[in-house]
S.K.: 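Just passing along the structure, written as structure tokens.
Predicted model, so just to flag it, every value in this text is computed and none were measured. All chains are named by letter (A, B, ...) in the order of the sequence lines, taking the proteins before the strands, and each is independently numbered beginning at 1.
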Amino acid sequence: MDKTYNHKEVEEKIYQQWEERGTFKPEINPDGKPFTIILPPPNANGDLHFGHAMFVVEDILVRYHRMLGDSTLWLPGTDHAGTETQFVFEKKLQEQGKSRFDFSREELYEKVKEYVDKNRGGIQNQLRKLGFSLDWSREKYTLDADIVKIVIETFRRMYDDGLIYRDYRLVNYCTRDGTSFSDLETISQEKEGNLYYIKYPVKEGGFITVATTRPETLYGDVAVMVHPKDVRYKHLIGKTVLLPLTQREIPIIADESVEKDFGTGAVKVTPSHDFTDFEVGRKHNLSFPPIIGWNGKFEKTGIVDGLYAKQAREKTVELLKEKGLLEKEEIHKMVIKVCYKCKTILEPLPLEQWYVRVQSLKEKAIEVVKNGEIKITPNSFVKPYIDWLEGLRDWNISRQNVWGIRIPVWYELEHETDFAVSFLDQKGNYHQGLLNELLGQGFSFDEIALGLQRVIARIEAKVVLEEEKDPKKKYLPETDTFDTWFSSGQWPFAVLMANSDCKNADGFFEKFYPTSVMETAYDILRAWVSRMVMLGIYRTGKIPFRQVLFHGLVNDPYGKKMSKSKGNVVNPLELIEQYGADAVRFALVYGNATGADQSLSYTKLEAARKFTNKLWNMARFIEMKRLELKITFFTDHSVGNLKKVNTNEFDQKWIKKVEDLTIEISKYIDSYQFNLASEKLYDFVWHEFADKYIEETKTNPDGLIVLESLFVIILKLLHPFMPFVTEEIYQKIPGHDGMLITAIWPDFRE
RNA sequence: GGAUUUGUAGCUCAGCUGGUUAGAGCGUUCGAUUCACAUUCGAAAGGUCAGAGGUUCGAAUCCUCUCAAGUCCACCA
């Protein structure tokens with residue numbers, strides 16, 4: 001053996017051996033009870049980061065259960081990550097001076113696909129570098145045909161069950177990315193703005209002053225609203241107001257949603273561009289005149305058309321000042337919602353979108369956690385899970401991206417006035433407008449369909465599913481795609497179902513579903529975990545996993561979140577190169593409580609690297625003694641053999657210590673306390689086994705015989721944490737066949 | 001505004017289903033060795049466990065409050 005452990009020579013060789021001999025497949029233990037983990041699918045064209053490195057927790061569990069003899073499946077996959085990927089791609093387009101508006105739907109999809117396909121595969125090799133024992137033969141991708149088929153089937157069933165509906169309501173719309181977002185995909189930012197006090201003339205005489213942060217939307221006002229019990233305004237309820245700048249007549253109405261103490265206690269109602277006002281509008285049967293287009297520009301105001309919100313505000317305020325209708329403005333702290341990707345201020349816009357009725361789904365998802373069918377570790381995440389689900393409103397699953405799974409519906413062309421479309425003509429010029437107008441301008445239906453970018457069908461349009469299409473009729477496709485989480489929320493059952501369709505896979509799904517553990521970062525508790533529970537129960541009637549296990553985030557050495565913009569991102573691959581995969585793995589679990597955030601620690605990495613070297617040299621010492629003393633060591637390192645042979649008191653003492661250690665480590669892994677397991681192993685191996693036991697055998701060479709066998713047991717206990725170095729050492733010790741990865745976990749009850 | 005997490009040696013963090021002198025890594029000091037160890041071994045210094053109160057025979061560990069830092073959530077225009 002070399003004097004020091006050289007991870008660079010070992011890791012690739014060992015990984016290849018494992019993979020070639022099929023040790024990552026559950027079939028290696030065909031008769032064991034099932035143990036399943038589905039890897040949270042990384043972005044297909046992403047790179048390895050510490051979020052992925054933390055999946056080491058899963059590898060520890062998987063290797064442990066494999067050694068326990070379980071039929072262990074750890075199934076990898078990647079995610080197309082709709083919005084994320086399209087965002088990255090559009091940035092590239094921008095660099096080339098282009099935008100998504102230069103391409104038809106099909107063209108854009110093909111371009112993104114090309115880009116993703118070129119970059120795919122990177123992450124898989126990086127996960128290999130970490131030593132992850134994933135069953136690569138069963139890998140899936142969210143856009144694989146069989147997965148898409150399953151996702152669409154789920155949609156179809158939900159549609160038939162009345163859980164899917166279309167509605168015209170306000171959405172969080174990013175005018176830059178050109179798509180709506182669910183509440184989860186928005187970021188609230190505190191901002192200092194102005195609160196404007198605007199005098200609205202009352203037709204019957206006098207004024208009523210309203211306070212607003214968005215004076216520019218007054219062109220869309222349909223009412224002024226006060227609290228019904230507000231004595232200041234009671235006499236005005238039912239009277240008429242002349243909208244400033246336009247003289248349009250709107251009523252003064254009463255609603256309890258008004259806070260009497262805010263501003264003047266009187267509010268302008270703009271149903272098309274404010275979430276509260278939208279509700280009020282529906283309740284009071286008001287009209288919904290939209291005055292902001294999808295591009296963020298104002299329209300149909302007659303005064304600020306073509307301007308963006310900020311410019312429209314400036315101009316409106318100026319005009320109000322001129323007319324003496326601006327009473328005052330004051331500084332006001334407010335919270336605005338911005339796009340989680342590009343940080344553009346989101347515009348509430350009224351749009352036809354697809355929704356999932358969540359009531360029945362969320363009730364079951366809450367129940368299975370409350371009754372303990374699904375356990376969540378650490379426990380402190382149970383409350384946020386339940387709280388969020390209880391407050392959950394219907395889920396907007398429409399995204400105006402092309403990169404994703406198209407919502408599988410078609411609109412029957414009964415009334416051409418029902419459709420607003422945008423498309424590229426055959427020369428590549430962009431057009432948008434109502435379908436009947438465009439047809440009137442001489443464009444053919446086929447030309448529009450061919451260059452189609454987007455269809456917005458009115459809520460009255462007739463919807464059909466693929467199989468309901470009548471060949472004699474004309475249809476326009478829905479151009480929206482699913483929210484990425486709608487498909488990844490089906491991931492656990494979808495990947496297992498898809499793998500069941502292969503030959504010789506009878507009973508595969510039934511065997512491995514529900515899965516054992518879902519291990520992921522806690523920051524996607526809401527977006528992903530809760531959706532998996534809801535959709536999993538809906539589609540299969542069973543929970544998707546029995547245990548949710550969260551790991552924390554890895555921050556930079558100063559405790560700051562790693563981000564590209566801050567430039568403090570550390571690439572795990574470089575650390576693997578420098579310290580070895582085992583050391584990186586060990587450093588990530590050592591001294592870090594389950595689920596807690598941690599800061600990257602170079603001293604910890606260095607300590608872990610020294611530990612791998614220590615282990616190596618312990619093995620080296622034992623080997624040298626074996627050769628030097630020419631005494632017969634055991635050829636059977638099993639616990640059973642140790643118990644059969646006559647050993648003296650000294651040996652007995654150390655057998656007992658290792659037995660206690662084994663019990664303790666098993667207990668820690670079973671309870672997901674990987675930090676305690678690794679700390680205990682580190683301490684025992686170094687300061688007991690090496691410092692005391694090995695030292696004592698220097699004056700008592702007979703003790704070496706049992707020591708070697710106990711060392712093998714310790715390699716087994718360490719293997720889930722440091723798979724490479726332990727495997728390499730194990731194979732150098734004579735007296736056993738096979739590989740450590742498939743060795744049997746020590747059991748002193750034998 | 002709500003919820004939640006954290007506050008333990010110089011630094012980074014474990015421990016917290018209450019129980020003998022509170023632990024690790026790194027750093028610091030002293031000594032040994034280069035005999036398996038791009039080193040290692042032995043020893044030492046260093047903590048009112050954020051603060052205050054409470055429960056208890058006994059609390060870093062449970063409860064309440066205060067202070068500080070962080071995270072998440074939130075339709076007062």
Side-chain angles (χ1 to χ4, degrees), chain A residues 1-6 170 172 183-184 186-188 190 193 195-198 210-215 217 221 224-225 257-270 273-280 332-337 348 378-384 386-388 391 393 522-523 525-526 552-553 555 557-561 586-587 589-625 628 671 673 675-676 678-680 682-683 686-687 690-692 694-695 697-698:
Chain A
M1 289 174 80
D2 292 340
K3 202 171 174 187
T4 52
Y5 172 61
N6 187 342
L170 292 192
N172 306 300
D183 293 337
L184 270 180
T186 67
I187 297 174
S188 297
E190 201 165 83
L195 188 61
Y196 301 87
Y197 288 76
I198 305 171
V210 305
T212 179
T213 55
R214 296 203 69 183
T217 62
D221 285 2
V224 166
M225 176 167 74
S257 66
V258 178
E259 288 282 335
K260 283 186 282 189
D261 299 331
F262 184 88
T264 60
V267 192
K268 66 200 263 312
V269 182
T270 323
H273 300 292
D274 181 278
F275 286 99
T276 318
D277 294 0
F278 185 84
E279 296 304 319
V280 171
H332 177 62
K333 256 199 193 145
M334 56 184 180
V335 177
I336 51 162
K337 281 188 168 183
N379 203 273
S380 55
F381 289 105
V382 170
K383 193 167 154 43
I386 290 173
D387 285 354
W388 185 74
R393 294 177 290 185
Y522 65 75
D523 58 354
L525 166 74
R526 298 173 179 85
L553 312 179
N555 294 319
Y558 306 98
K560 296 273 177 283
K561 198 171 174 174
F586 201 78
V589 295
Y590 182 94
N592 182 243
T594 303
D597 292 351
Q598 62 179 312
S599 304
L600 187 65
S601 163
Y602 288 99
T603 57
K604 206 153 79 172
L605 283 163
E606 186 57 27
R609 190 193 61 76
K610 283 185 182 170
F611 186 48
T612 55
N613 194 51
K614 182 74 182 177
L615 210 57
W616 181 260
N617 273 288
M618 289 164 71
R620 186 159 168 258
F621 174 79
I622 295 168
E623 186 191 63
M624 286 171 78
K625 288 295 175 189
E628 174 194 324
S671 56
Q673 294 173 291
N675 55 328
L676 298 183
S678 56
E679 283 160 33
K680 181 72 198 178
Y682 180 94
D683 183 63
W686 200 312
H687 301 302
D691 291 350
K692 299 203 177 82
I694 288 183
E695 288 304 317
T697 60
K698 285 180 180 172

S.K.: Locate the shortest heavy-atom distance separating A/Y197 from A/A211; write the atom from each residue and the value.
M.R.: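 That would be CE2-CB, 3.9 Å.
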S.K.: Starting at NZ of A/K604 and ending at C1' of B/C11, how long is that distance when rounded to a whole Å?
M.R.: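 Value for this atom pair: 13 Å.
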S.K.: Rounded to whole angstroms, how far apart are NZ on A/K680 and C1' on B/G23?
M.R.: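 Checked: the NZ to C1' distance equals 12 Å.
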S.K.: Just how far, in rounded Å, is P of B/C26 from CZ of A/R609?
M.R.: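 Atom CZ in A/R609 sits about 12 Å away from atom P in B/C26.
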S.K.: Decide yes or no on side-chain contact (heavy atoms from CB on, under 4.5 Å) for A/T217 and A/D274, but give the supporting numbers first.
M.R.: CA-CA 9 Å; A/T217 62; A/D274 181 278; over 6 Å; no
S.K.: For B/C13 and A/S599 - does any side-chain N or O of the residue sit under 4.0 Å from the phosphate oxygens OP1/OP2?
M.R.: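 A/S599 to B/C13 OP1/OP2: side-chain N or O found under 4.0 Å.
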S.K.: Could you check how far CG of A/D387 sits from P of B/U4, rounded to whole Å?
M.R.: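 One finds 8 Å between P of B/U4 and CG of A/D387, rounded.
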S.K.: Do you know which two heavy atoms are closest between A/A593 and A/N675, and how far apart they sit?
M.R.: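 Looking at all heavy atoms of both residues, the closest pair is CA-ND2, 3.6 Å.
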S.K.: Under the salt bridge (Lys or Arg N to Asp or Glu O under 4.0 Å) rule, collect the residues that match up with A/K614, sequence neighbours excluded.
M.R.: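 Applying salt bridge (Lys or Arg N to Asp or Glu O under 4.0 Å) to A/K614 gives none.
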S.K.: Under the salt bridge (Lys or Arg N to Asp or Glu O under 4.0 Å) rule, what pairs show up with a residue in residues 596-613 of chain A, not counting sequence neighbours?
M.R.: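 Pairs touching residues 596-613 of chain A that pass the test: A/E606-A/R609.
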S.K.: For B/G31 versus B/U20, give the span between their C1' atoms, rounded off to a whole number of Å.
M.R.: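 Pairwise C1' distance, B/G31 against B/U20, rounds to 31 Å.
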S.K.: With RNA chain B as reference, determine whether A/M624 or A/T603 sits nearer its 5' end, using the nearest nucleotide of each.
M.R.: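 Of the two residues, A/T603 wins.
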S.K.: Quick one: side-chain contact (heavy atoms from CB on, under 4.5 Å) partners of A/Y602, sequence neighbours excluded?
M.R.: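 A/P557, A/V570, A/L575, A/Y579, A/L600, A/L605.
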S.K.: Test side-chain contact (heavy atoms from CB on, under 4.5 Å) on A/V269 and A/D277; report intermediate values, then the result.
M.R.: CA-CA 5 Å; A/V269 182; A/D277 294 0; 3.9 Å; yes
S.K.: What's the closest nucleotide to the side chain of A/T4 if the choices are B/C13, B/A38, B/A14?
M.R.: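 Closest of the options to the side chain of A/T4: B/A38.
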S.K.: Roughly how many Å apart are B/C49 and B/C16, using the C1' atom of each and rounding to a whole number?
M.R.: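 Those two atoms are separated by 11 Å.
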S.K.: Using the six-membered ring wherever Trp is involved, compare the ring planes of A/F381 and A/Y522 and label them parallel, tilted or perpendicular (cut-offs 30° and 60°).
M.R.: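 Taking A/Y522 first and then A/F381, their aromatic rings lie parallel (interplane angle under 30°).
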S.K.: Which value, in whole Å, describes the distance between the C1' atoms of nucleotides B/G46 and B/G23?
M.R.: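 Those two atoms are separated by 14 Å.
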S.K.: Determine the Euclidean distance between corresponding C1' atoms of B/U4 and B/C26; express it in Å to zero decimal places.
M.R.: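 It comes out at 31 Å once rounded to the nearest Å.
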S.K.: Please report the distance, rounded to the nearest Å, between CZ in A/F586 and P in B/G25.
M.R.: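 Computing the A/F586:CZ to B/G25:P distance gives 12 Å.
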S.K.: Of all residues at least two apart in sequence or in a different chain, which pass the side chain to side chain donor-acceptor pair (under 3.5 Å) check with A/S601?
M.R.: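 Side chain to side chain donor-acceptor pair (under 3.5 Å) list for A/S601, sorted by chain: A/T603.
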S.K.: Does a side-chain N or O of A/N617 approach OP1 or OP2 of B/U39 to a distance below 4.0 Å, or not?
M.R.: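 For B/U39, neither OP1 nor OP2 has a side-chain N or O of A/N617 closer than 4.0 Å.
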S.K.: Determine the Euclidean distance between corresponding P atoms of B/G1 and B/G10; express it in Å to zero decimal places.
M.R.: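 The answer is 35 Å between these two P atoms.
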S.K.: Excluding sequence neighbours, so at least two apart, what forms side-chain contact (heavy atoms from CB on, under 4.5 Å) with A/D683?
M.R.: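 Result, side-chain contact (heavy atoms from CB on, under 4.5 Å) vs A/D683: A/H687.
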S.K.: In this structure, how many angstroms lie between the P atom of B/G15 and the CD atom of A/E679, rounded?
M.R.: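 Roughly 7 Å, once rounded to whole Å.
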S.K.: With A/K383, which residues qualify under salt bridge (Lys or Arg N to Asp or Glu O under 4.0 Å), at least two apart?
M.R.: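 So A/K383 forms a salt bridge (Lys or Arg N to Asp or Glu O under 4.0 Å) with A/D387.
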S.K.: With the sugar-phosphate defined as primed atoms, P, OP1 and OP2, and the base as all remaining atoms, what B/S/- string results for nucleotides 40-46 of chain B, 5' to 3', for protein heavy atoms under 4.0 Å?
M.R.: SSS----
S.K.: What pairs with A/D221 under salt bridge (Lys or Arg N to Asp or Glu O under 4.0 Å), at least two apart in sequence or on another chain?
M.R.: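 A/D221: salt bridge (Lys or Arg N to Asp or Glu O under 4.0 Å) contacts with A/K268.
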S.K.: For the pair made of CH2 in A/W616 and P in B/U39, what is the distance, rounded to whole Å?
M.R.: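 Distance, rounded to whole Å: 17 Å.
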S.K.: If a protein heavy atom is under 4.0 Å from the base, mark B; if only from the sugar-phosphate, S; if neither, -; do that for nucleotides 70-77 of chain B going 5' to 3'.
M.R.: --S--BBB
S.K.: Using a heavy-atom cut-off of under 4.0 Å over every strand shown, decide if A/I694 touches base, sugar-phosphate, or nothing.
M.R.: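 The residue A/I694 makes base contact.
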S.K.: What's the gap between B/C30 and B/U48 when it is taken at their C1' atoms, as a whole Å value?
M.R.: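 Looking at atom C1' only, B/C30 and B/U48 are 29 Å apart.
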S.K.: Measure CG/A/N555 against P/B/U5 and give the value in whole Å, please.
M.R.: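 After rounding, the gap between these two atoms is 19 Å.
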S.K.: For A/F621 and for A/Q598, locate the closest nucleotide of RNA chain B by heavy-atom distance; then report the residue assigned to the nucleotide nearer the 5' terminus.
M.R.: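 On the 5' side of the pair lies A/Q598.
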S.K.: According to a 3.5 Å limit on both distances, what stems of 3 or more consecutive Watson-Crick or G-U pairs are formed with RNA chain B?
M.R.: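 Runs of three or more consecutive pairs: B:1-7 with B:67-73, B:10-13 with B:23-26, B:28-32 with B:40-44, B:50-54 with B:62-66.
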S.K.: Need the glycosidic conformation of B/A38: syn if within 90° of 0, anti if not. Which one?
M.R.: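 Here the answer is syn: the torsion falls within 90° of 0.
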S.K.: Contact class for A/Y590 (heavy atom, under 4.0 Å): base, sugar-phosphate, or nothing?
M.R.: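 The residue A/Y590 makes sugar-phosphate contact but no base contact.
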S.K.: Measuring only the C1' atom in each nucleotide, how far is B/U6 from B/G42? A whole number of Å is fine.
M.R.: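 Those two atoms are separated by 37 Å.
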S.K.: Please give the distance between the P atoms of B/G58 and B/G53 as a whole number of Å.
M.R.: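 To the nearest whole Å, 16 Å.
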S.K.: Does the side chain of A/N613 get closer than 4.0 angstrom to OP1 or OP2 of B/A36 through an N or O atom?
M.R.: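 No, no such contact exists.
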S.K.: Of all residues at least two apart in sequence or in a different chain, which pass the side chain to side chain donor-acceptor pair (under 3.5 Å) check with A/K698?
M.R.: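 For A/K698, the residues satisfying side chain to side chain donor-acceptor pair (under 3.5 Å) (neighbours in sequence not counted) are A/E695.
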S.K.: Taking side-chain contact (heavy atoms from CB on, under 4.5 Å) as the test, write out the residues that go with A/M624, two or more places apart.
M.R.: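 Applying side-chain contact (heavy atoms from CB on, under 4.5 Å) to A/M624 gives A/R620.
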